[in-house]
Amino acid sequence: MGHKVVVFDISVVRALWETRVKKHKAWQKKEAERLEKSALEKIKEEWDFVAECRRKGVPQVEYCKNGFVDTSTRLLEKIERNSVSRQSARVKDRDKRRSPFVFELSGTQWKELPDWLKEQTHLKEWYIHSTHIQTIPTYIELFQAMNILDLPKNQITCLPAEIGRLKNLKELNVSFNHLKSIPPELGDCENLERLDCSGNLDLMDLPFELSNLKQVTFVDISANKFSSVPICVLRMCRLQWLDISSNNLSDLPQDIDRLEELQGFLLYKNKLTYLPQAMLNLKKLTLLVVSGDYLVELPTALCDASTPLKFVSLVDNPIDKTGCQDTEDTVESERDRQHFDKEFMKAYIEDLKEREAVPSYTTKVSFSLQL
């Protein structure tokens, strides 16, 4: 019995495959037209663009116009240029720090200042941060040329009275230390312009003698235990920026309008139930940030679109502090949380300032911070 051989006409096979090829090409063309009309490609392009912007640190407001992603802008080129600018700025800052008039120290290995420092009385700037140093020596009064004392995130428990002898001091930053009081002698630093005592957690008041600081334009006493705005602050006639957020304020003084030069006022994370009418007299106020959870009354004119004021009401979501932690660990975690809180708000406010058009009416923002 022989094998059966099936014979096909080659023309039939060729016609079959040509038909299949035509159908496949037609399907490809139809699919291309569908994708061209579909929003998927545009959405993918927008997401890729947004992801690239976020990787390079472009604020959302820069690439979102009226709620839509604007991929036509040359943001990535702009951020590259800005990156180069920031890098050159860092180089300049590093060169500045290498100046013979600048002293810089950091690291937890440091528990006290080096002995040779007392001989360097020509120094004009100290930058000491993230150390275990607890005290600033009394010989600091020898540094009569001192302009800047930048001492954040150390373990400093008190400042010496001799700090009042620094007549040329312009900036004092003692944020995120362990201070419970500020020496009244600081009021003798008549040229002081910036004072930052934020994040000490247990600071409850500022001495009345600080009323003598008539050159101060910036005060940050956030993340402490102030139950009212210190009297001395109300007498700082040139004050432009006041941050008293994350404290125990339940009301504001009726003479808050004494601060005629005030431009920025941060009050969030307090327990204010109302804002006084005197706030309307602060004609130069352009930024007001409060916590809206407890507010039941506020001057309606604050939300008037005709004013230049950017009024922001934050909806605070308090952190659940339940748990079994040692007191020391709890304090440190609270300090870290407050530091993260400040960094977040700093970025938020910078973004707010960059916006081309910011609504003057109340803007509610969910504000939940957890580490």
Side-chain angles (χ1 to χ4, degrees), residues 103-114 117 125-141 143 146 148-164 166 169 171-187 189 192 194-210 213 218-230 232-233 243-249 266 269-270 319 321 323 325-346 369 371:
F103 171 69
E104 187 173 11
L105 189 70
S106 64
T108 54
Q109 72 273 18
W110 293 99
K111 294 180 171 55
E112 57 184 20
L113 294 173
L117 183 60
E125 301 175 14
W126 282 12
Y127 296 92
I128 303 172
H129 63 89
S130 304
T131 72
H132 282 174
I133 293 173
Q134 297 184 12
T135 59
I136 299 300
T138 57
Y139 64 68
I140 195 172
E141 64 180 319
F143 294 78
M146 186 77 72
I148 298 175
L149 265 178
D150 195 61
L151 314 171
K153 300 187 71 175
N154 296 293
Q155 305 288 322
I156 301 171
T157 56
C158 64
L159 294 174
E162 287 75 10
I163 199 172
L166 304 179
L169 188 64
E171 297 183 20
L172 175 62
N173 180 0
V174 286
S175 61
F176 294 93
N177 282 281
H178 297 269
L179 295 173
K180 294 186 177 180
S181 64
I182 299 295
E185 289 80 6
L186 183 62
C189 296
L192 193 68
R194 294 176 62 91
L195 175 62
D196 189 344
C197 303
S198 61
N200 283 281
L201 301 186
D202 291 324
L203 199 58
M204 302 178 66
D205 199 8
L206 294 179
F208 181 78
E209 286 78 2
L210 268 60
L213 302 176
F218 176 99
V219 171
D220 188 343
I221 50 176
S222 60
N224 285 296
K225 290 185 178 178
F226 288 89
S227 57
S228 62
V229 179
C232 62
V233 171
D243 187 347
I244 194 170
S245 55
S246 299
N247 278 283
N248 297 325
L249 270 64
L266 274 62
K269 286 188 178 290
N270 282 290
I319 301 298
K321 296 182 181 178
Q325 283 184 300
D326 294 336
T327 303
E328 185 176 348
D329 292 340
T330 303
V331 171
E332 287 306 314
S333 63
E334 173 68 9
R335 187 170 277 105
D336 290 340
R337 188 181 69 82
Q338 292 289 358
H339 185 264
F340 180 80
D341 185 334
K342 285 196 69 63
E343 291 300 312
F344 178 89
M345 278 305 299
K346 188 185 298 182
L369 295 176
L371 292 180

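Bear in mind the structure is a predicted one, so any value in this text is a computation, not a measurement.
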Can you tell me how far [atom2] of [Y] sits from [atom1] of [X], rounded to the nearest 0.5 angstrom?
X: Met204; Y: Asn224; atom1: CE; atom2: CG; value: 10.5 Å
X: Leu159; Y: Thr138; atom1: CG; atom2: OG1; value: 13.0 Å
X: Ser198; Y: Ile221; atom1: OG; atom2: CD1; value: 10.0 Å
X: Ile182; Y: Cys197; atom1: CD1; atom2: SG; value: 4.0 Å
X: Asn248; Y: Ser228; atom1: CG; atom2: OG; value: 10.5 Å
X: Ser227; Y: Leu249; atom1: OG; atom2: CG; value: 7.0 Å

- Could you give me the CA-CA distance, side-chain angles and deciding distance for Lys225 and Asp202, then say whether side chain to side chain contact (heavy atoms under 4.5 Å, CB included) is met? CA-CA 6 Å; Lys225 290 185 178 178; Asp202 291 324; 3.2 Å; yes
- Task: Only pairs at least two apart or in different chains count here, so list each salt bridge (Lys or Arg N to Asp or Glu O under 4.0 Å) that has a residue in residues 151-164.
- Result: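 Non-adjacent pairs meeting salt bridge (Lys or Arg N to Asp or Glu O under 4.0 Å): zero.
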- How about Ile244 and Pro230: do any of their side-chain heavy atoms sit closer than 4.5 Å?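 When only atoms from C-beta onward are counted, Pro230 and Ile244 do touch, with a gap below 4.5 Å.
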Result block: side-chain N/O donor-acceptor pairs under 3.5 angstrom for residues 105-113, not counting sequence neighbours:
none

- Item | Residues Ile163, Ile136; criterion side chain to side chain contact (heavy atoms under 4.5 Å, CB included); working and verdict | CA-CA 9 Å; Ile163 199 172; Ile136 299 300; over 6 Å; no
- Message: Quick one, Phe176 with Gln338, criterion side chain to side chain contact (heavy atoms under 4.5 Å, CB included). Give me CA distance, side-chain angles, the key distance, then yes/no.
- Response: CA-CA 9 Å; Phe176 294 93; Gln338 292 289 358; 4.0 Å; yes
- Task: Go through the structure and list residues passing salt bridge (charged side-chain N to carboxylate O under 4.0 Å, His left out) with Glu141, not counting sequence neighbours.
- Result: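 Per chain and number, Glu141 pairs via salt bridge (charged side-chain N to carboxylate O under 4.0 Å, His left out) with Arg165.
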